[in-house]
Amino acid sequence: MSKILNYGSVNVDESFIVPHICLSGETMSSTDYVVRAGGKGANQSIAFAKAGGRVYHSGNFGYDAVWIKDFMSENGVDMTYSRVKENERNGRAFIQVSKETGDNCIVLYPGTNGTYTVEEAATVLESFGPGDWIVQQNEISHGGEIMKLAAEKGLNVFFNPAPLTKGILQEFPFDKVTILVVNEHEAQALYEELGGSKKDVIGLDLATELLHKFDKMQGIVITLGGAGVVARFRQGDQTKDFKVPSRKVNVKDTTGAGDTFVGYFLAAFIRAEKEDYFHRVEVALQEANFASSIAVQREGSMASVPCIKEVHEAMRDQ
């Protein structure tokens with residue numbers, strides 16, 4: 001089975017439960033305060049592991065976050081290629097979670113997520129090659145150069161460009177990306193940055209436009225929150241559209257939903273690598289959709305990721 005190298009961020013998540021997301025100039029009291037392990041990279045590695053993937057996390061941990069490294073290892077993530085920066089504070093996320101809707105907003109402090117180097121990546125990549133996957137987000141330094149290095153070694157590239165920042169098309173080699181996963185806002189921003197001029201391009205139409213722009217990609221997945229997921233994939237001269245409706249559940253906290261989706265999608269896609277290509281995509285989308293629908297019913301990011309047994313039981317019981 002293909003190995004997954006997640007070259008990603010690690011955060012200490014400090015969550016504040018509030019009546020609603022704070023407005024400009026507003027001061028309000030939090031009804032709860034929780035400190036948890038997080039970061040899009042670390043969250044996704046936990047999701048890969050819980051989904052049965054063979055995942056290695058390459059991350060920089062601050063002296064104040066060794067407990068997160070240990071927690072990830074205890075949850076099935078191989079931490080061989082991670083490093084502890086003894087003189088650096090770890091990255092942090094300050095999260096507001098609305099008690100009313102479950103929505104969130106996040107302020108990031110880079111910390112050790114800004115200390116990644118291409119030299120370290122080159123050493124790590126010596127242990128990976130063609131057929132393996134590198135997974136990346138947009139929360140670490142030199143991410144684009146690391147992606148290019150991995151692609152040159154023949155790794156497949158799975159990219160979740162979050163948070164999506166202006167100029168990301170110049171920073172990352174999108175022509176090297178195998179599968180792209182974005183939410184609807186990120187997809188729209190990419191389309192506009194690529195010079196897309198059509199109005200009201202949404203859903204599958206947006207996936208089609210982006211896949212046309214990125215002509216070397218195998219597929220694009222767009223998550224639509226409560227409206228479900230759409231995707232467009234191609235193999236050879238064939239293309240296929242996918243549409244998966246959302247499950248109606250009681251939403252408690254959306255913080256880790258996207259990372260859960262990413263982890264379950266790629267783990268399922270790799271698990272089915274001997275099956276028909278488009279069937280693999282369908283299976284992966286369905287499993288990831290179920291997993292993220294379970295995650296939003298729980299609080300936290302890593303803590304909300306379900307195990308694969310829970311997901312398969314939910315799929316059988318639908």
Phe159 and Phe172: CA distance, side-chain angles, deciding distance, ring pair (Phe, Tyr, Trp, His ring centres under 6.0 Å) verdict: CA-CA 10 Å; Phe159 190 29; Phe172 284 87; 4.7 Å; yes
Working for side-chain hydrogen bond (donor to acceptor under 3.5 Å, both in side chains), residues Thr254 and Asn104: CA-CA 7 Å; Thr254 61; Asn104 67 79; 2.9 Å; yes
Stepwise side-chain contact (heavy atoms from CB on, under 4.5 Å) check, Val251 with Gln297: CA-CA 5 Å; Val251 177; Gln297 298 176 67; over 6 Å; no
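To the nearest 0.5 angstrom, Gln218 atom CD is 6.5 Å from Asn156 atom CG. The NE2 atom of His279 sits 10.0 Å away from atom NZ of Lys240, with the distance rounded to the nearest 0.5 Å. Expressed to the nearest 0.5 Å, how far CD of Glu120 lies from NE2 of His142 amounts to 10.0 Å. Rounded to the nearest 0.5 angstrom, Asp317 CG and Phe290 CZ are separated by 9.0 Å. The NZ atom of Lys252 sits 11.5 Å away from atom OG of Ser304, with the distance rounded to the nearest 0.5 Å. Taking CG from Leu180 and CG from Leu211, the interatomic distance works out to 9.5 Å, rounded to the nearest 0.5 Å.
Residues Asp215 and Arg234 are in side-chain contact: their nearest non-hydrogen atoms beyond the backbone lie under 4.5 Å apart. Put simply, the side chain of Glu145 does not reach to within 4.5 Å of the side chain of Pro173, judged on heavy atoms. Looking at Phe265 and Asn289, their side chains never come closer than 4.5 Å, going by heavy atoms from C-beta outward. For the pair Val18 and Thr31, the minimum side-chain heavy-atom distance is 4.5 Å or more. Residues Ile220 and Phe214 form a side-chain contact, since some pair of their non-hydrogen atoms from C-beta on lies under 4.5 Å apart. When side chains are defined from C-beta on, Phe158 counts as touching Val262, because their heavy atoms get closer than 4.5 Å. The closest side-chain heavy-atom distance from Thr112 to Val10 is not below 4.5 Å. At least one side-chain heavy atom of Val135 sits under 4.5 Å from a side-chain heavy atom of Phe48.
Applying the salt bridge (charged side-chain N to carboxylate O under 4.0 Å, His left out) criterion to Glu139, with sequence neighbours excluded, gives no partner residue. Every side chain to side chain donor-acceptor pair (under 3.5 Å) that Lys198 has, sequence neighbours left out, goes to Glu209.
The backbone N or O of Cys307 lies less than 3.5 Å from a partner atom in the side chain of Glu310, making a donor-acceptor pair. The closest donor-acceptor contact from the side chain of Arg271 to the backbone of Ala51 lies under 3.5 Å. The backbone N or O of Val229 sits nowhere less than 3.5 Å from a side-chain atom of Thr223 that would complete a donor-acceptor pair. Under the 3.5 Å distance criterion, the side-chain polar atoms of Asn90 are left unmatched by any main-chain donor or acceptor of Phe61. Between the side chain of Asp205 and the backbone N or O of Val201, no donor-acceptor pair lies under 3.5 Å. Within the 3.5 Å criterion, the main-chain N or O of Ser292 finds no donor-acceptor partner in the side chain of Thr260. No donor-acceptor pair under 3.5 Å is formed between the side chain of Tyr264 and the backbone N or O of Asp259. Under a 3.5 Å cut-off, the side chain of Asp132 and the backbone N or O of Lys3 do form a donor-acceptor pair.
Checked against a 6.0 Å centroid threshold, the rings of Phe233 and Phe278 do not count as neighbours. You'll find the ring centres of Phe269 and Tyr277 inside the 6.0 Å limit.
Ring planes of Tyr81 and Phe128: perpendicular class, angle over 60° (limits at 30 and 60°). Between Tyr33 and Phe16, the two ring planes are tilted [angle within 30° to 60°].
In plain terms, the two heavy atoms of Val182 and Ala187 that are nearest each other are CG2-CB, 3.7 Å. Across Ile168 and Pro161, no two heavy atoms sit closer than the pair CD1-CB, 3.6 Å.
Between the side chains of Glu287 and His312, at least one donor N or O lies within less than 3.5 Å of an accepting N or O. For the residue pair Asn11/Asn113, the side-chain donor-acceptor check at 3.5 Å is satisfied. A side-chain donor from one of Asn6 and Gln137 sits under 3.5 Å from a side-chain acceptor of the other. Side-chain polar atoms of Arg232 and Thr239 form a donor-acceptor pair below 3.5 angstrom. At a cut-off of 3.5 Å, with distance as the only test, a side-chain donor of Glu282 or Gln286 sits close to an acceptor on the other residue. For the residue pair Glu273/Ser2, the side-chain donor-acceptor check at 3.5 Å is satisfied. If you check the side chains of Arg83 and Asn60, you find a donor sitting under 3.5 Å from an acceptor. No hydrogens or angles considered: a donor-acceptor pair under 3.5 Å links the side chains of Asn160 and Gln44.
Pairs passing the side chain to side chain donor-acceptor pair (under 3.5 Å) check and including a residue from residues 47-57, sequence neighbours excluded, read Ser45-His57, Arg54-Tyr56. Residues in residues 162-180 take part in these side chain to side chain donor-acceptor pair (under 3.5 Å) pairs, two or more places apart or across chains: Asn138-Thr165.
Exactly one of Glu100, Lys99, Glu26, Gln96 qualifies for a side chain to side chain donor-acceptor pair (under 3.5 Å) with His20. That residue is Glu26.
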For residues 71-78, please give each side-chain donor-acceptor pair under 3.5 Å, one per line with the distance, not counting sequence neighbours.
| unit_1 | atom_1 | unit_2 | atom_2 | d |
| --- | --- | --- | --- | --- |
| Asn75 | ND2 | Phe71 | O | 2.9 |
| Asp78 | OD1 | Thr80 | N | 2.9 |
| Asp78 | OD1 | Thr80 | OG1 | 2.4 |

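Side-chain heavy atoms closer than 4.5 Å link hydrophobic residues (I, L, V, M, F, W, Y) into clusters, and following such links, even through other members, never connects Val34 to Ile21. In the hydrophobic clustering of this structure, Val296 does not group with Val305; members are Ile, Leu, Val, Met, Phe, Trp, Tyr whose side-chain heavy atoms approach within less than 4.5 Å, directly or through other members. Clustering ILVMFWY residues whenever any of their side-chain heavy atoms sit less than 4.5 angstrom apart, transitively, puts Tyr63 in a cluster other than the one holding Trp67.
Other residues, nucleotides and ligands contribute at most 12 non-hydrogen atoms within 6.0 Å of the NE2 atom of His212. At most 12 heavy atoms of other shown residues, nucleotides or ligands fall within 6.0 angstrom of atom NZ in Lys148. Within a 6.0 Å radius of NZ in Lys153, more than 12 heavy atoms belonging to other residues, nucleotides or ligands are found.
We find that Asp13 and Arg36 are not joined by a salt bridge, their nearest charged nitrogen and carboxylate oxygen being 4.0 Å or further apart.
The hydrophobic cluster around Val97 extends to Ile17, Ile95, Ile106, Leu108, counting ILVMFWY residues whose side-chain heavy atoms fall within less than 4.5 Å of a member.
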